[in-house]
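For reference, the structure is listed below as structure tokens.
Fair warning: this is a prediction, and the values are worked out from it, not measured in the lab.
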Amino acid sequence: MKIGIYSNPNKDEKGKLFAEISEIAEKNGVSAEKYSIGGKYDFVVSIGGDGTILRVARECAYSGTPILGINKGTLGFLTEIEPSGFSAALDKIKSRDYVLERRALIDATVKDKHYYALNDVVVSRSGGGRMITMEVSVNGEIIDKFSCDGYIACTPTGSTAYSLSAGGSVIGPNTPVIALTPINPHTLRTRPVVVGSFEQITLTYTGAVGAAVYIDGEHTLDLSSGEPVYVTGWDRSAMFIRFGKKSFYSRLLGKLNSWSAGE
């Protein structure tokens, strides 16, 4: 068995946890190395929070490699264990006492280039305090046009991230949909919309104020007025190693209550 370890340098500054995880793996007869794109692994260990997992999820979805998230972040919706639990987790993996949870990604096409997101695709203003104008279409039919701070197209996984903060609904991870959530729309009638996962969504920014596309929270490219962003489902999923029978909803409640209490 061979694993790749991706450790967020901001969460594991001196690489101490990376070294500990590597040592535990080697003592259990598992080959461990620093994660590299294109590497062949039985599974990938992500050390950090959800943002860390987002950095490796796209590549792991390409290769079909499962991810085991070790929480060193704040919320950790996608992580599975704390650092102290790796040895026990490794025993369970070796004895096949785990399940794989699939999480869908979406495909954003901008300027004929494809980008993949586990959480969300966001079009928003790139600077200043002025709103941008957005036109939103589904399967070629305009469903809304308004001024706002931005617009979110997210997966069920991303429904507990930025979209939730913007007033979007929480969506179960196995629901085949894409959620469309406006950010501070300057209208009383606009509401979040949920569409099928393989509907063809077009987000078009218009106006003179600068706008940009963010994929899973990272600035990806700037947009010119009238330049469309096409979003639809992707036929690949990220797979996460899970132990036990704790449901998505109990995990969600626990994480949100913990965060609200400032823990």
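- Atom NZ of Lys94 is surrounded by more than 12 heavy atoms from other residues, nucleotides or ligands within 6.0 Å.
- A distance-only check finds no donor-acceptor pair linking the side chain of Asp149 to the backbone of Ile183 [under 3.5 Å].
- A chain of hydrophobic side-chain contacts below 4.5 Å, direct or via other Ile, Leu, Val, Met, Phe, Trp or Tyr residues, connects Val123 to Val193.
- In this structure, Gln200 contributes its side chain and Tyr230 its backbone to no donor-acceptor pair below 3.5 Å.
- Sorted by first and then second residue, the pairs that involve residues 42-65 and meet ring pair (Phe, Tyr, Trp, His ring centres under 6.0 Å), not counting sequence neighbours, are Tyr62-Tyr116, Tyr62-Trp234.
- Rounded to the nearest 0.5 Å, atoms CG (Leu68) and OH (Tyr98) are 10.5 Å apart.
- Within the structure, the ring pair (Phe, Tyr, Trp, His ring centres under 6.0 Å) test picks out the following pairs touching residues 147-201 (sequence neighbours left out): Phe146-Tyr151.
- Looking at Thr175, its side chain never comes within 3.5 Å of a backbone N or O of Val177 through a donor-acceptor pair.
- The hydrophobic cluster containing Leu100 also contains Ile70, counting ILVMFWY residues as joined when their side-chain heavy atoms lie under 4.5 angstrom apart, directly or transitively.
- Closest non-hydrogen pair, Ile67 versus Ala57, comes out as CD1-CA, 3.9 Å.
- At distances below 3.5 Å, not a single donor-acceptor pair connects side-chain atoms of Ser137 with backbone N or O atoms of Gly140.
- The shortest heavy-atom contact between Asp222 and Glu227 is O-OE1, 4.2 Å.
- The side-chain contact (heavy atoms from CB on, under 4.5 Å) search around Arg102 returns Ser237, Met239, not counting sequence neighbours.
- Taking every heavy atom of both residues into account, Thr181 and Ser163 meet most closely at OG1-OG, 2.8 Å.
- Taking each heavy atom of Ile81 and Ala89 in turn, the nearest pair found is CD1-CB, 3.9 Å.
- Considering CD1 of Ile178 and OG1 of Thr232, their distance stands at 5.5 Å, rounded to 0.5 Å.
- Note that OG1 of Thr187 is 7.0 Å distant from CG of Asp144, once rounded to the nearest 0.5 Å.
- Enclosure of atom NZ in Lys111 by more than 12 non-hydrogen atoms of other residues, nucleotides or ligands within 6.0 angstrom is indicated.
- Not counting sequence neighbours, the partners of Tyr41 by the side-chain hydrogen bond (donor to acceptor under 3.5 Å, both in side chains) test are Glu33, Ser36.
- Considering every non-hydrogen atom in both Gly48 and Thr79, the closest pair reads O-CG2, 3.9 Å.
- Of the possible donor and acceptor atoms, none in the side chain of Asn28 sits under 3.5 Å from a partner among the backbone N and O of Val30.
- Side-chain N/O atoms of Ser7 and Asp12 include a donor and acceptor closer than 3.5 Å.
- Contact record, Pro156 with Pro173: CB-CA, 3.9 Å, taken as the closest heavy-atom pair.
- Checking side-chain atoms of Glu80 against main-chain N and O of Phe240 turns up no donor-acceptor pair under 3.5 Å.
- Residues meeting the side-chain contact (heavy atoms from CB on, under 4.5 Å) test with Asn174, sequence neighbours left out: none.
- Within 6.0 Å of atom CZ in Arg189, more than 12 heavy atoms from other residues, nucleotides or ligands are found, so the atom counts as buried in its surroundings.
- The line from CG of Leu105 to CG of Asp216 is 7.5 Å long, rounded to the nearest 0.5 Å.
- Atom CD1 of Ile241 sits about 11.5 Å away from atom CD of Glu101, to the nearest 0.5 Å.
- Residues that satisfy the side-chain hydrogen bond (donor to acceptor under 3.5 Å, both in side chains) test with Glu20, not counting sequence neighbours, are absent from this structure.
- Interatomic distance, CD of Glu199 versus CG of Asn139, reported as 4.5 Å (0.5 Å rounding).
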